[in-house]
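Here's the structure, in structure tokens; my notes come after.
All values below were derived from every heavy atom in this structure, side-chain atoms included, with hydrogens, water molecules and symmetry-related copies excluded.
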Amino acid sequence: MASIDHSQVTENAAHQAIEPVQPEIADLVGIAHRGWFYIVAGTIFGLICALMILSTIPPIYKANSRIMFERTLPRYLQTNKVTNEPIIEDYDTLGQTYVISSESILLRVVRSLSLASDPDFVGERDSETLGSRVRGLFRNTAHALGFSKELAEDQSFEQRNDLEKIAFDSVARNLTVSREDVQSVITIAFSSKDPVKAATTVNAIVDTYMDDNIAGKVASTKVAGKVVQERVEELKQQAKDAERALLEYKMANNIVGTANTALSAEQLAALQTHLTNARVAMAEARARMERIASSPDASALFTPDNELIAKLRAELLDLSVRANDIERRVGKAHLAAVKVRTRMEEVREAIANEQKRLAGSFGKDYELARAQYDEFSATITRVMGEEGSNSEAQARIRELESAADTLRNLYNRMQLHLSEMNNVKAQPSITPDARVLMRAAPPTQTEASKKRWLILAGGSMMGLLLGVGIVFARTFPFGVFRTSQQVTSATGLPCAVLPEIVNANEQASLRTGEYALDWPYSRFAQTLRSIWAMISIAQRDFGAKVVCVVSSNPGEGKTTVAINLAAQFARHSTTRVLVIDADFYRQSLTQKVAPDARVGLKEALEEPRALAKFVVRKERLNLDALPCPVSDRTPNAAELLGTVEMEQLINVAREAYDLVIIEAPPMAAVVDYKVIARHCDRFVFVVEWGKTSQRLVLECLSDASALLNRVLCVVLNKADPSALRSIEYYKGDGFHAYYSDQKSA
């Protein structure tokens with residue numbers, strides 16, 4: 001089952017696309033876990049620094065006052081003509097923060113509170129600068145020579161101004177004016193060592209600003225009144241000039257009265273209306289007259305009932321009722337009924353005659369309507385003619401009168417406005433734009449105590465970041481392999497981790513290949529056994545006898561791995577092992593195993609069949625070594641490794657030994673491994689822990705992709721033991737208890 005799994009792994013590795021390993025959160029957590037000491041130490045250091053800073057900060061007290069800009073009352077007073085003060089709107093509130101901190105306000109506060117003589121604001125007098133002393137020396141010299149007669153007064157005035165400037169700078173530096181979330185509210189804060197002075201200064205600034213606001217309103221009201229007074233005088237003179245121009249024009253054109261004496265447009269429209277009504281009345285009278293002339297019976301329809309007709313109609317109604325009553329009782333033939341009917345006919349005839357008489361007056365009505373129409377028509381014709389002859393003069397008069405009336409109305413309105421302003425001045429009601437929501441009181445808590453936790457938290461955070469920075473600096477560079485999971489994820493190959501040997505005695509045994517014999521229960525030896533198990537499986541399943549140990553760069557420990565791996569195999573008495581140094585450039589294996597050798601691989605290539613006389617026996621390790629003692633670097637090393645003699649030499653070694661381990665030159669430096677690869681059955685790839693770049697390893701494996709199916713495993717060499725223990729913390733203490741660093745007896 002083990003052989004099947006190994007073949008599947010190697011086959012998958014040969015076809016897997018090799019990609020760089022992306023950093024994961026678990027890797028960062030592992031780095032932080034390994035460097036917990038530096039993180040904790042950095043946090044404690046930052047906390048100590050914060051405490052030291054707090055101990056050096058003098059007690060500073062900050063007093064606060066809050067004002068709100070009131071617009072309801074000023075707007076009401078302005079609307080009702082009680083005051084004409086300007087109103088500060090929301091968009092002007094931010095500008096008031098600069099007004100409060102302006103020189104005009106703060107300098108008045110400095111003078112009102114005599115801050116120029118307060119040491120808390122100007123410092124001690126003994127702390128004069130060198131420049132001020134030099135200037136004083138020149139002034140005294142000039143006064144002694146007679147160049148300055150008023151030196152004492154000038155010097156006193158200049159010193160006072162300098163002190164006021166220093167006090168002003170101190171107030172401005174410790175003053176904070178900010179607008180709150182509500183646009184109409186401003187907070188004024190002042191910091192000082194003395195809580196009473198802090199509150200007094202803030203209240204003085206607020207009072208000075210309020211007084212300045214009222215003074216500004218008074219000044220603006222005076223300016224507005226002066227402008228209005230000048231405008232009234234100007235309008236008065238313009239109205240007089242307009243009336244004088246109108247009078248002169250009338251006198252020049254012999255016009256008496258005003259333009260209103262002529263017919264206006266409304267009067268002309270009234271005449272037109274009367275003419276229209278007269279035309280309608282004439283048409284109605286003519287129609288009635290013509291209707292009656294054509295049909296005499298129609299007079300009853302057009303003649304209104306007068307008093308006589310009304311009486312006759314009432315009598316006719318009574319007679320009709322009597323006739324009906326008599327006929328119902330005695331019948332129609334009765335004499336009384338006949339008399340009543342006769343009387344009814346007489347009454348009807350009288351009504352008809354009266355209506356005819358009235359209809360005869362329609363002709364007179366028509367004549368009267370016609371006469372009225374002719375009169376209105378003639379009047380309009382005459383008036384239009386007169387208007388046409390005087391239109392230019394009348395238009396000019398109306399223009400002058402309109403201009404004079406307009407100026408007179410403007411003058412009257414401005415005069416009324418001036419009168420209202422004078423009434424406001426007589427009864428002053430100027431109110432400030434802002435009202436104080438909260439006056440400053442001496443604070444009981446210092447600013448340092450308020451920010452204590454913030455400073456402590458900031459110091460701790462800075463120390464934490466410092467510790468994290470140190471941890472990651474120690475872990476630098478990134479983009480290297482530190483766990484077997486990273487190697488397997490990037491390459492698809494199994495990985496074995498060999499810890500670094502830091503003890504001097506152990507390093508000596510490691511270099512000579514005796515470490516696994518001296519410390520057989522160490523993790524290093526156990527890891528070699530796992531690699532030995534992989535090679536044994538490959539020997540049993542695939543007949544692999546030649547294993548090549550390679551690396552990307554020199555110095556990654558492939559020589560140490562090759563020697564100790566060979567010693568791990570050779571410790572079995574029945575196993576014959578040969579280790580070959582095929583690196584013609586460094587000969588690291590030769591220097592460790594057979595430093596005194598004079599012949600080796602190069603000479604053996606001349607006599608491949610006589611391999612036995614060139615090998616060096618290591619009795620304690622129970623293995624043979626074929627060194628490569630060359631005095632100078634061999635320029636044709638790749639050619640030597642690719643010859644037929646090399647192939648014959650490897651074949652002789654296969655027949656004579658159970659396992660042949662070859663150390664090849666670095667893959668990234670030279671191409672020798674490609675030449676020797678055809679003689680090898682399996683490969684062991686050595687990568688230095690935390691140093692060799694992932695990119696370089698992946699480039700080498702990609703370049704040798706045809707050999708991936710023959711790579712047994714990747715050895716992550718020289719792993720930091722403490723870091724390795726931290727990385728594998730999830731395995732528990734029982735995992736590491738199986739390993740022992742005690743030397744065997």
Notebook entry, point to check: Does the pair D581 and Q587 meet the rule for a side chain to side chain contact (heavy atoms under 4.5 Å, CB included), with working shown?
Noted result: CA-CA 7 Å; D581 186 359; Q587 306 96 34; 3.8 Å; yes
Next item on the list: Would you sort out whether N174 and K62 count as a side chain to side chain contact (heavy atoms under 4.5 Å, CB included), showing the intermediate values?
Entry: CA-CA 9 Å; N174 295 286; K62 177 177 282 189; over 6 Å; no
Next item on the list: Could you walk me through whether F685 and L701 pass side chain to side chain contact (heavy atoms under 4.5 Å, CB included), step by step?
Entry: CA-CA 9 Å; F685 199 144; L701 291 177; 3.2 Å; yes
Checklist line | side chain to side chain contact (heavy atoms under 4.5 Å, CB included) evaluation trace for L565 with I535 | finding: CA-CA 10 Å; L565 185 59; I535 297 175; 3.7 Å; yes
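Distance check: L456 CG to C49 SG gives 12.0 Å after rounding to the nearest 0.5 Å. Interatomic distance, CD of Q648 versus OG1 of T643, reported as 8.5 Å (0.5 Å rounding). Rounding to the nearest 0.5 angstrom, the gap separating the CH2 atom in W532 from the CD1 atom in I537 is 10.0 Å. Taken from OG1 in T560 to NZ in K592, the straight-line distance is 3.5 Å, to the nearest 0.5 Å. How far CZ of R682 is from CG of L707: 11.5 Å, rounded to the nearest 0.5 Å. Atom-to-atom distance recorded for T483:OG1 and W689:CH2 is 10.0 Å, nearest 0.5 angstrom.
At a threshold of 4.5 Å between non-hydrogen side-chain atoms, the residues F683 and M667 do not count as touching. Taking 4.5 Å as the limit, some side-chain heavy atom of K618 sits within range of a side-chain heavy atom of L623. Looking only at side-chain heavy atoms (C-beta outward), L493 and V487 stay at 4.5 Å or farther from each other. Contact of the L601 side chain with the L649 side chain is registered, since non-hydrogen atoms from C-beta on lie closer than 4.5 Å. E663 is not listed as a side-chain neighbour of S551, based on a closest heavy-atom distance of 4.5 Å or more. Within the 4.5 Å cutoff, the side chain of E639 has no heavy atoms near those of the V675 side chain. Annotation: side chain of F524 is in contact with side chain of N564 (closest heavy-atom distance under 4.5 Å). Contact annotation: the side chain of M646 approaches that of I676 to within less than 4.5 Å [non-hydrogen atoms, C-beta and beyond].
Across all non-hydrogen atoms, the minimal contact from A668 to L696 is CB-CD1, 3.8 Å. A pairwise comparison of heavy atoms in A525 and Q568 identifies O-OE1, 4.3 Å as the closest pair. When all heavy atoms of P494 and M534 are compared, the closest pair comes out as CB-CE, 4.4 Å. Between C680 and C548, the shortest heavy-atom distance links the atoms SG-CB, 3.5 Å. When all heavy atoms of L626 and L578 are compared, the closest pair comes out as N-CD1, 3.9 Å. Among all heavy-atom pairs drawn from V547 and L659, the shortest one is CG2-CD1, 3.9 Å.
Of the candidates L589, V549, V593, V579, L589 is the only one forming a side-chain contact (heavy atoms from CB on, under 4.5 Å) with T559. For the side-chain contact (heavy atoms from CB on, under 4.5 Å) criterion with K558, the lone passing option out of V715, D583, N553, I563 is D583.
For Q694 (side chain) and V480 (main-chain N/O), a donor-acceptor pair under 3.5 Å exists by modelled atom type. S489 places no side-chain N or O within donor-acceptor distance of the main-chain N or O of Q485, the cut-off being under 3.5 Å. The main-chain N or O of R576 is found under 3.5 Å from a side-chain atom of D658 such that the two form a donor-acceptor pair. Counting only distance, with no hydrogens or angles, the side chain of T590 and the backbone of C628 share a donor-acceptor pair below 3.5 Å.
Partners of R654 according to the salt bridge (charged side-chain N to carboxylate O under 4.0 Å, His left out) rule, which considers only residues two or more places apart in sequence or in another chain, are D681. Scored by the ring-ring contact (aromatic ring centres under 6.0 Å, His included) test, Y673 finds no partners at all (sequence neighbours excluded). Under the salt bridge (charged side-chain N to carboxylate O under 4.0 Å, His left out) criterion, K674 pairs with D703, not counting sequence neighbours. Taking the salt bridge (charged side-chain N to carboxylate O under 4.0 Å, His left out) definition, one finds that E619 meets it with R617, sequence neighbours left out. Applying the salt bridge (charged side-chain N to carboxylate O under 4.0 Å, His left out) rule to R695 yields the partners E699; only residues at least two apart in sequence or on another chain are considered.
Side-chain contact check for Q526 and R523: no donor-acceptor pair (N or O, by modelled atom type) lies under 3.5 Å.
Counted within 6.0 Å of CZ on F45, heavy atoms from surrounding residues, nucleotides or ligands total 12 or fewer; the atom is thus considered open. Surrounding CZ of R586 are at most 12 heavy atoms belonging to other residues, nucleotides or ligands under 6.0 Å away.
Sequence neighbours left out, the pairs with a member in residues 593-611 that pass side-chain hydrogen bond (donor to acceptor under 3.5 Å, both in side chains) are E607-K613.
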